[in-house]
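Here's the structure we're looking at; comments come further down.
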Amino acid sequence: MERIVSLKLTGTMCLLIGVLALLACTFILPVPVSAEPIKLSYANFPPAATFPCVQMERWKKEVEKRTGGKVKIDTYPGGTLLKAKAMMDGVIAGTADIGNLCMAYQPGRFIATNATALPIGFPNATVGSLVLWDLYRKYDPNPFANVKVLTMFTTAPSNIMSRIPIRSLNDIKGVPLRASGGAGQILKAWGANLVGMPMPETPEALQKGVVKGLFSSLEVMKDFKFAELCKYVTVTNTVIYPFAVVTNLDKWNSLPKDVQKVMDDLSREQAEWTGKYMDGHVKESIAWSKKTHGVEIITLPKKEMAEWNNLLEPITDKWIKDAEAKGIPGKKIVKDLKKWNKKYSKKYGS
Ligand code: DTR
């Protein structure tokens, strides 16, 4: 009998201690709350299906995984947070923490890195992206002093997509074609009527007949469905467009060191990943355009192509002169670009 009473007592005491401990935990002791993830916003200007956004989603996934969920990235494709030309200043102002910009849309602002948009003969986006990354790392250009650069990459070489067949310099003369930055200079040299605008405005301009075609890497034939209107591609394989992904400097400085390391370790890898994705996607897009929309791929005869290329020769010399006048080592940059092009083409060219 005595044993039963003492057992009951011990049971009641245990319950009491338990309740008290719970109360203490809830109201008195600081409860270790599982830390909230660091949230970062990432703005992008073109629609979600296009390559700049595909690379953005890949980067987000990798960062979230490699930081073990410590960081959460909210992505904003389609210019919903910042539009193409507002990207750099928007990130500096903190409208978005991270932004992806096409440097070719502001040729006067990003002079050194836009040298990759000279007609140097980069064979594909993989080589272009690795060369651009080396260029950025070596010259650390001034326009990026107010941001932290997370990665850079380029498109594949540009070709003419048009509603009318362009088979000669005669055919291109006076034709309103859309491009931007360095690529615009090239169209002008060939005698086209250059209409400059960022990519997201191009579908409407094509639809309305403001332009008869555009000059860009060919993955857009599929991603923007340009193949529905542009039944002709003239192969020129010229200029590549450079891109940068930047983050607000204060935001960057506020990140824990291990998170910064994850992002730093990813920068060159992301450049190469994007280049490879772009090169593969261009091939898919060409096959799709031919099969689904009967697009004709026009290859210029050798002699004709040589004439087109001759017209581009003064462009690089003029760029060097203008850059040097602004205190940018244009000659050295072009020499490096050619050297790195050779180096990476050995491994990734074709
Ligand atoms: N060629 C450049 C950049 C570019 C190429 N593909 C896309 C897709 C979405 C946005 C920009 C780009 C251009 O023509 O603007």
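Ligands are counted one by one from 1 in listed order, and the atoms in each one are counted from 1 as well. Residue numbers start at 1 and run along the sequence shown. The figures that follow rest on heavy atoms only: side chains count, while hydrogens, waters and symmetry mates do not.
- Within 6.0 Å of atom NZ in Lys222, more than 12 heavy atoms from other residues, nucleotides or ligands are found, so the atom counts as buried in its surroundings.
- Close contacts of ligand 1 with Tyr105, meaning ligand atoms under 4.0 Å from a residue heavy atom, involve 11 (C), 13 (C), 15 (O).
- Each of the following atoms of ligand 1 lies closer than 4.0 Å to a heavy atom of Met199: 9 (C), 10 (C), 11 (C), 13 (C), 14 (O), 15 (O).
- Ring geometry for Phe45 versus Phe243: interplanar angle under 30°, hence parallel rather than tilted (30 to 60°).
- For atom 14 (O) of ligand 1, the closest non-hydrogen atom on the protein side is Arg178 NH1, 2.6 Å.
- The single protein non-hydrogen atom nearest to atom 7 (C) of ligand 1 is Glu219 OE2, 3.5 Å, given as residue, atom name and distance.
- In summary, the atoms of ligand 1 found under 4.0 Å from a heavy atom of Ser217, numbered by their order in the structure, are 5 (C), 6 (N).
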> Is there a ring pair (Phe, Tyr, Trp, His ring centres under 6.0 Å) between Trp59 and Tyr42 once you walk through the steps?
Replying inline: CA-CA 10 Å; Trp59 188 86; Tyr42 188 153; 5.8 Å; yes

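- Contacts between Val220 and ligand 1 below 4.0 angstrom, taking non-hydrogen atoms only, involve the side chain exclusively.
- Closest to atom 3 (C) of ligand 1, if we only count protein heavy atoms, is Phe243 CZ, 3.7 Å.
- Ring orientation note: the planes of Trp133 and Tyr136 are tilted relative to one another, at an angle of 30° to 60°.
- Each of Glu57, Glu62, Glu64 was scored for a salt bridge (charged side-chain N to carboxylate O under 4.0 Å, His left out) with Lys60, with one residue passing: Glu64.
- At least one N/O-N/O distance between Ser216 and ligand 1 falls below 3.5 Å.
- Remark: Glu269 CD is packed, more than 12 non-hydrogen atoms of other residues, nucleotides or ligands lying under 6.0 Å away.
- Residue-ligand proximity, Pro46 to ligand 1, at heavy-atom distances under 4.0 Å covers atoms 9 (C), 10 (C).
- No side-chain heavy atom of Met199 sits less than 4.5 Å from a side-chain heavy atom of Cys102.
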